[in-house]
Every structure is written in C-alpha cells, then in structure tokens.
Amino acid sequence: MMSEKILLIDGHSILNRAFYGLPDLTNSEGKHTGAVYGFLNILFRILEEEKPQYLAVAFDLHAPTFRHQMYEAYKGTRKAMPEELREQVPLMKEVLEAMEIPIVSLEGYEADDLLGTLGRRSEQRGMEVTILSGDRDLLQLATDHVLIRIPKTTKGQTVIENYHTQEVIEKYQLRPEQIIDLKALMGDSSDNIPGIPGVGEKTATKILLAYENVENAYAHVEEIKPNKAKESLRDHYDLAQMSKALATIHTDSPVSFDYDQAKLGELYTQRAYEMFQRLEFKNLLQRFACEPQENALEKNFFFCEDLQGAETIFEKAKAQEVVGVQIFAEEGDLLGVAIAVSREEIYYVEVSGFVSGEYLADKLAQVAKQTQIAAFHVKVLLKYVNVETWTQTFGAEVAAYLLNPLKTAYDYEDIGKEYLGQIFPGRQEVVGKKGDKDALAEKPEEMKRLGCFMAYVALAVKAPLEEALREAGMERIFQEIEMPLVFTLNSMEKEGIQVEGEALRVYGEQLQVRIGELEKQICGQAGEDFNINSPKQLGAILFEKMKLPGGKKTKTGYSTAADVLDKLAPKHPIVRDILEYRQLTKLKSTYADGLAGYIGEDGRIHSTFHQTITATGRISSTEPNLQNIPIRMELGRLIRKVFVPREGCIFLDADYSQIELRVLAHMSGDEKLIQAYREAQDIHRLTASQVFHTPFEEVTDLQRRNAKAVNFGIVYGISSFGLSQDLSITRKEAADYIERYFSTYPKIKGFLDGLVKKGKEDGYVTTMFGRRRPIPELKSSNFMQRSFGERIAMNSPIQGTAADIIKIAMNRVYSRLRQEGLRSKLILQVHDELLIETWEEELEQVSEILLEEMRQAASLDVALEVDMHTGKNWYEAK
DNA sequence: CCATTCACG
DNA sequence: ACGTACGTGAATGGT
C-alpha cells in the first residue's frame, strides 16, 4: 500500500509571498484580500498536485520565542508588516477555519519549529511529508521522505521549486543539515541571523565542503583559506555558534497534534462558500458544487479551423445587426478571432491551413460593412481590420471608461461582472501576462475559450452599457466624441511622426560632453565621487557633508527637488552645477536616448494614444510620451528640431490660447471676465489691472506675474496655501489676492462653490458636454483628502471641457481632411495643440480647415482663439 | 515594486 | 490644526 501523505504549510511565509508577489486586491467593501487569494490559489494547486490525506497550516504567534532570549536583536523576523497585509492574517485564519483546516501554533516557538517537529513525527509514522514555505531555512528539514516546496513568483508566474535531499545537494553542494551551518557562517539578513563578517555564500560553502560543519571548521581554523575567513572565524566563533543555534529548527517541539483532525475533509463547506462570496473570490467560487457552472455558456462555444466552417461563420455574422468580436494578434499578424454571432453561438476561428490572418482580417472587414462590431479594444481591432466608420463599432472599454473614468484598467471580466452580474475567467488568471502569441502556443484550448468569453461579453454588455450611458446623459459624448475619436487616434498612431535619428544622436553626444564636465566639477566640489542621480547620496553630500541649510522634506530623507535647490543656489556654486546636471541628464536619458529607441524602420515614431486613462477626459501618450517634449527651456526645446515632416510636407501647428480660462469664463457666465476676453489681447495684464485697480498701461511685471499665477490657481482649484507656495509669498497675501480676484469677477466664486456643492450632492461633477468625473474624496472624513476632492471638483469640469472641445476639433479635422480628399494628416495632440503634417500644395486649404474646426468646435460666450504656425520642424512650427 | 524627480499641458 | 496647487509618463535608485 502506498504510504499516506501530509501537507504542512508555513502560513505567514506563504501569505507574505502572495502579498508581495501578486497585485493586491480589494473587495467592494474595501477589504484587502490579495494575499489570502494568492495563498488559496497556491493551496489548491498543491492539493491537486499532491493529493495528501492530511493537511495543517502553522502560524507564528506574537509571543517571544526561545530565540529572543538567546539573542537581543532577534526581532526583525516579524518586522513592520504593512497594514494591508497585517489585516489579512486574521482573515486568512478565518478562511482556514471555515475550510476546516487545522491551524497549528505554539507559544514560544516559531512556525518553522512546528513544521520541523510535525514533519519529523509524520515521517516516523511512515508518511510522506510535503512542507510548503517561502523560506529557504526549511531546506535543512529535507530528507528522502520530506519534500520542501518553495514557490517563486517571476513575472506573474508561480513556479515551485522542489527539494528532497538530493535536490538540496545539487543546488547547494551541501547536505540539508549543513544548511544550518551555512546560515551560521554567512548569516541571513531576512531572519536577522548575524553571519560572521567577511564570509558570504561562496566562502561559507567552501569551508563546509572541506570541514562539514562549523565546529569542525573551528577545530581546523588555522588551515582555513582565505586568510580573511580564517581570522573572522577565529574571532567570531561564538557568534557563529549562536547563529547556528538560532538557525536550527527544532524537530522536537512540545506541540500537540491530532492526525484525525488534520485528515483532509470537505474543504468546500457552506461557511467557506459564504466567505469566498463576501471576499469576492470569483474564480475560487467555481470550485463549489453549488455554484452554477459557467459550462452553461461554454456549451455554446464552437472552435473552427477549416475554411468551410469559417465561411459559414462569417456569413452568419453578416446576417446579424451586431456581433461581439475579440481578436488575438501580435506584431501585425492576426492569430485567431472569436465571434459571438449571438449570445447562444460563439465561435473561435483560428489561423490554420487555408484560414490565414489576411483572410480573417478581410472577412471581418466585410462583416463590418453591414454589421456592427462590439469589442473591448476597438482601436487594437482597427490595427488589423479595416472598418470604414465608427458607426460600425461599439467600444465596450470606452463606454465603461465614460461611466467610471477612475479605474486603472477595463478588463473584460470586470466589465462583465459589473454590467452582467456574472463571473468570467480573467485572462491574467488563465495565462498570466503572456502575449497572445505565447499564450496561444502554450495554452491553446484555454485561450480559445477565453476568446469566446471575451467576444460573448463584448456583445452581451452592449445593451446594459448603452442603458447606463443614456441614464448618465453620456450617450452623445460616447457616440459623437469618443467613438469617432477611436478612429482619429488610430490614424494618428498609424501615421506617426518622422524623427531624424542621426541629429538626435549628435544632440545626445553634445549633452554628454557637458554632462562629463559637470560630473567632474560636482564631485570635485563635494570632495568625493558619488552618484549624483541618487537623491539619497546627493542629500547626504549637500546637507550632511557640506552642511548646507535645508531640512527633511520627504518621507525618506532630504528633498533635493529643483525648487529646494533653487533656494540653495546662492549658498554654494555646486548647487548650480547640480541643477544643470539634472537638466542635461534628463534631456539625455528621456529624450535623446529615449526617443531614439522608438524610431521605427520607417524612420518614424508611433506613440500610443490612450483614451481611457485620465480622470478628466484628457488623452495620454506612451511609448514614447510625445505630450511632454521639452519647450520651456531653450536647450530642451532644441529637441523639437529633430521632429520633421516627410518630404514634400510642412508642419502646421495650432494651439488654443488659454482655453481653460476661456472655458471658465463661459461656464461661470461672469460678465466681467467674458468682457475682458472680448477686449483683451493680454488677459493676465488685464486681470492684474482689474484686480489691483491699476490702469492697464501701468501694470508692473510683478503685478502681471501675480495675476497670471492667480489665473492658474483658479483653474487648479484655488487655495491660498498653494498660491503662496507658487509665488513664494505668505498665505495671507495669497488669500488677499484671491479675495481681490473674486470680488473683481464675482460670478467665479459662485460658480466654483457651486461645483463643490454639486460634487458633494451627486458624488460627481460634469463637463459642458456631460462627461462625468466621480469624486469619492469629497466624502472623506480626512481634511486633506476632502480638500483634494474640492479642488478636483473645481478643476475637472474646466480641464474636462477643454478636453472635450479639442477632441471635437480633432474628429472634425480628421474627417474633413478625409472628406476633402486631402493627403495631409493629423499626427499629434498635446492637450491644447494639434499638429498636422501638411502637403505643401494643401497648406492653404488645410490651414483653413484647422483654424475653422478648432474655433468652431464649441460655441462659447468668449471666442476660442487659436494661434497657428508653420515650420519645417516642430521647433519652428511653434 | 515604490519613491523621487522632472518633462509637458 | 490638518499641509497641496490640476492632469499625465519616463528614468532612476534602492529596498
């Protein structure tokens, strides 16, 4: 008969591993659950692999152990646990209890000792033992019948290392019990076990290979090489002995253990089911027999790999009004397509034989001519499938973003759960972080199934999302702004912008010359070489070694941010050099070197524009970010010269003049500010003249600068503290400016207060076009959080309305360029600026279109003024 | 993986 | 009294 098996788990260690190795989760009550979830996932996985008859989990208690009495500093082992993890410990125990899994703890002993003891006892009873822990200390327990399993997470994949005696020897060249001696010599910082100085893993292993253990090594201490180790062991033998005692796991702890209780029973109890529901462990719920199985839907999944079948499927699709689609693709190649023809018929067509990627793309394009395609990521779909117009698509991700722009991701399973009330398998859980190609190669069946789920949800979620948009009054913003924008952005990404790589390289080299000089100068003045890029090291040099004034400012130490250094500049010439060094290294790493890495084979940079990232409705840009190319400093601004139009083209650049302030004027309805805009060519000067009761011509530069700062402050959600910081004035003076501003433009204050009030009542604020921004911070009992919420309430409608306006302009410009048969292309948007690569012969017509569509994108009580320039590079076009 | 810093609107 | 201006993304260092 096969011997029985027991699984022993190191509770804290596995919980820790799950906490740090996996993204944290919170359920809708805000409870942190990620570590518990990770623990359970590992538990179920091991149970399936090992099929043990017995199971127990060991936990440390808070009480001090014999190790504490032995060694004063032995306390770091339970070092500061983050609150998010700490609160999951009792939760974990509760879950284990609900699953009727025994928890073993014993005052005065660590979990290690209990695992060692139970492991040895079980082995003596003739059992096979598996110990699961994240802690390599446990390796000392390995025998031919005691298996130590250590899970490791790399890139979201959990791989488990297995150690019987033999594997320990292979990995460490040492027998399991020698692991204790290894720790005694080299120490273990994570367990606060001191090692002997100057001996690391390499030396320790060498010593043990020669002398077996610490005691014997000491007996032959004079023979030990290298010299350093010899002396160290001679001088610190007592330390090594103590460390050995600390590292030794007890296998004879007086712990009582009832094997009958540990017998693996029905884990899936009613109580466990209720807990999993409360914790929202959707994937785990499916392990319970009582849970309705998703197979109900899966029986409608059909996998197809032949041409005949594919033809039929696409014909069926064409007969529908709308189908759900999910593609799998990578680097321009379509690998497979899932199509939900209806909720009862979901197909996955894979590339194989006569069914090529091109075929699928072509068929989908034909479908899109008559059938609307609902998909999660429409812009990605457009990279592979030519869809003529936005009316033929429904973007679930974009819809979900409008309904709640605060989420960090819009995964199909989350949207499915939220709008269908059903649980779907998450991609991350099924295949991890792999790309489509790898995932399909490694887990084809799971991926096909996943594709079908995604296509199904894309289709099924359309009606509830549309209903929610209607209720929220965001139907039009979805139909008329966001969905067309998907196509506009796709075109911009596809087009890209030409960048002169060689010029960029030369620019970088010039920077490097000066950076080298500055490095020398800075380290010379500091009197030692150090890493200037390290705020920690820099802080130590400036504020400790050189004793420059400046207190702590950040959580971690001294602040060395530019505004701090600016104030320090007069005190010592090194500060100037550091500031210059910072500026130049930034330009070199982020822009010169950074951008060069993105130049494609076509000589162009194709950034990605994100439509579902910002809380306010703005677009963002990544890989690379083309919305933060330097302009404020001349040296940085020069980078723009490497952005050039293609042969035969010229850049046409237009930006809105103070669009946010104009939006404020309009939305507040303040006649005085509106009037100011109707008259003014210099709004900041006019504001200064009105706020400070000074004739327009006599406004001083200082007054103008202050007025400009107040204008900015208003848009950001004014506070006297913020303004005082910005202008380096007292709070009182700042408060005075603000008050003068509000009495000059009386309706502004009422408008801003109204926004805050509305935000508090409704839980969200809206733009002119109905875009919403929820503000949960307004409900906070924390003053700082709540104040933040109030500023958001004042800023978001303004920033968001400006974002709406330029989006409208972009769509109109894009569609007019196409309609009028022009070859010129919109290629960049930078929040209030549009850049068009214009064919020279089209310049006049395109200029007119750009100007007209930007100005008329919205009709406000103040004009939308646009500045427009041309140039043979981006530098000149501004 | 988080904090810091800095580039833009 | 509390202690920040609003919205982003990339590079770097260090735990």
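Just so we're on the same page: letters track the sequence lines, and every chain starts at 1.
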Q.
Under 4.0 Å, counting only non-hydrogen atoms across every strand here, what does A/Ala562 touch: a base, just sugar-phosphate, or nothing?
A. sugar-phosphate
Q: For A/Gly713, report the nucleic acid contact type (base, sugar-phosphate, nothing); a contact means any heavy atom under 4.0 Å.
A: base
Q) Heavy atoms under 4.0 Å, any strand shown: does A/Arg731 hit a base, just sugar-phosphate, or nothing? A) base
Q.
Heavy atoms within less than 4.0 Å of DNA chain B: which residues of residues 619-637 of chain A have one? Give them sorted by number.
A. A/Gln627, A/Asn628, A/Ile629, A/Pro630, A/Ile631, A/Arg632
Q.
Under the rule for side chain to side chain contact (heavy atoms under 4.5 Å, CB included), what residues qualify as partners of A/Arg704, not counting sequence neighbours?
A. A/Asp682, A/His684, A/Arg685, A/Val699, A/Lys708
(Q) Applying a 4.0 Å non-hydrogen cut-off, can you work out what A/Ser787 is touching in the nucleic acid: base, sugar-phosphate, or nothing? (A) nothing
Q: Quick one: list whatever passes side chain to side chain contact (heavy atoms under 4.5 Å, CB included) with A/Lys760, sequence neighbours left out.
A: A/Val756, A/Leu778, A/Glu790
Q: Taking side chain to side chain contact (heavy atoms under 4.5 Å, CB included) as the test, write out the residues that go with A/Met186, two or more places apart.
A: A/Leu182, A/Glu201, A/Ala204
Q: Measure from the side-chain heavy atoms of A/Ala561 and tell me the nearest of C/dA5, B/dT5, C/dG7.
A: B/dT5
Q: Mind listing the residues from residues 719-727 of chain A sitting with a heavy atom below 4.0 Å of DNA chain B? Number order is fine.
A: none
Q.
Dot-bracket for DNA chain C, please. Rules: Watson-Crick or G-U, both distances under 3.5 Å, ( ) within the strand, [ ] when a pair crosses earlier ones, | for another strand, . otherwise.
A. .....|||||||||.
Q: Would you check if there is a donor-acceptor pair between the side chains of A/His610 and A/Thr622 at a distance under 3.5 Å?
A: yes
Q.
Any base atoms under 4.0 Å from A/Val715, or only sugar-phosphate, or nothing? Heavy atoms, all strands.
A. nothing
Q) Just checking A/Thr560: base, sugar-phosphate only, or nothing, at a heavy-atom cut-off of under 4.0 Å? A) sugar-phosphate
Q: Please determine if A/Glu528 and A/Lys545 form a salt bridge, counting it only when a charged side-chain N lies under 4.0 Å from a carboxylate O.
A: yes
Q. Taking only residues two or more places apart in sequence or in another chain, which ones pass salt bridge (charged side-chain N to carboxylate O under 4.0 Å, His left out) with A/Lys567?
A. none
**Q.** Set of side chain to side chain contact (heavy atoms under 4.5 Å, CB included) partners for A/Ser589, sequence neighbours left out
**A.** none
Give each protein N/O atom lying under 3.5 Å from an N/O atom of nucleotides 11-15 of chain C, with the pair distance.
residue : atom : partner  : partner atom : Å
C/dA11  : O3'  : A/Ser589 : OG           : 3.4
C/dG13  : OP1  : A/Asn531 : ND2          : 3.0
C/dG13  : O3'  : A/Ser534 : OG           : 3.3
C/dG14  : OP1  : A/Ser534 : OG           : 2.7
C/dG14  : OP1  : A/Gln537 : NE2          : 3.1
C/dT15  : OP1  : A/Lys536 : NZ           : 2.8

Q) What are the residues of residues 605-618 of chain A, sorted by number, that bring a heavy atom to within less than 4.0 Å of DNA chain B? A) A/Arg618
Q: Report the residues that fulfil ring pair (Phe, Tyr, Trp, His ring centres under 6.0 Å) with A/Tyr741, sequence neighbours left out, ordered by chain and then residue number.
A: A/Tyr745
Q: Remember a base hit wins even if backbone is also touched, and classify A/Ala793 as base, sugar-phosphate or nothing at under 4.0 Å, heavy atoms.
A: nothing
Name the atoms and distances for all side-chain donor-acceptor pairs under 3.5 Å in residues 534-541 of chain A, with sequence neighbours left out.
residue  : atom : partner  : partner atom : Å
A/Ser534 : OG   : A/Lys536 : N            : 3.3
A/Ser534 : OG   : A/Gln537 : N            : 3.1
A/Gln537 : OE1  : A/Asn531 : N            : 2.9

